[in-house]
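Quick one: this structure, given as structure tokens, is what I'll be asking you about.
Note that the structure is a prediction, hence the values are computed from the model and not measured. Position 1 is the first residue of the sequence, and the numbers go up from there.
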Amino acid sequence: MALSENYKKALAALKDQAEAIRGGLQADNGDKDRLASKSALRDAQRRLTEVAEETKHIVRLILKPDVKGITIPTMTESDLERLLVLEGKRGIQSDKDKTSFRINGSKLRDGRSVKLH
């Protein structure tokens, strides 16, 4: 399974948001660094709204109790892909007659369901 561009964009924006927040908290040069962090945060959050469904899905995945050792700043595209596949396998195991499924009932912005084959 290859990640869609929207999932890649959502992960990048989430990582940028985390970095902007961290940068704002660690700002050494006072107002100048804080303004740069605010601007970066605003940009990341604007980008998150463009891929809102994928963003929500990534956050739900990472907050699951069985996901250990992965945070937004450390998550890679490979990690995300693996979590999506694992979630999909759980869905298939509970309904073996279906060859496709909706991950957590999520639909992509264009109305398509996320499917694994």
Under the side chain to side chain contact (heavy atoms under 4.5 Å, CB included) criterion, do Gln17 and Asp43 qualify, and how do the steps go? CA-CA 8 Å; Gln17 174 182 257; Asp43 178 61; over 6 Å; no

Rounded to the nearest 0.5 Å, how far apart are CZ of Arg46 and CG of Leu48?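 Atom-to-atom, Arg46:CZ and Leu48:CG are 10.0 Å apart.
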
When Glu54, His57, Glu77, Glu53 are each screened for side-chain hydrogen bond (donor to acceptor under 3.5 Å, both in side chains) with Tyr7, the one that passes is His57

Indicate yes or no for a side-chain donor-acceptor contact from Asp79 to the backbone of Thr76 under 3.5 Å, with no hydrogens or angles considered. yes

Nearest non-hydrogen partners of Leu3 and Lys8, listed with the distance: O-CE, 3.7 Å

List the atom of Leu80, the atom of Leu61, and the distance in Å for their closest heavy-atom pair.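 So the two residues come closest at CD1-CD1, 3.9 Å.
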
Donor-acceptor check, side chain of Thr55 to backbone of Val51, threshold 3.5 angstrom: yes or no?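 Checked: pair present.
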
Value rounded to 0.5 Å, distance of CD1 in Ile72 from CG in Leu11: 6.5 Å

Determine whether Lys9 and Arg47 make a side-chain contact, defined as any pair of heavy atoms from C-beta on separated by less than 4.5 Å.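 Not in contact.
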
So that I can tick it off, tell me whether Glu87 and Lys64 are bridged by a salt bridge, with the cut-off set at under 4.0 angstrom between side-chain N and carboxylate O. yes

Is the shortest side-chain N to carboxylate O distance from Glu19 to Lys15 below 4.0 Å? no

Can you name the closest pair of heavy atoms from Ala13 and Ala44 and give their distance? O-CB, 3.7 Å

Euclidean distance, Ile58 CD1 relative to Leu14 CG, rounded to 0.5 Å: 5.5 Å

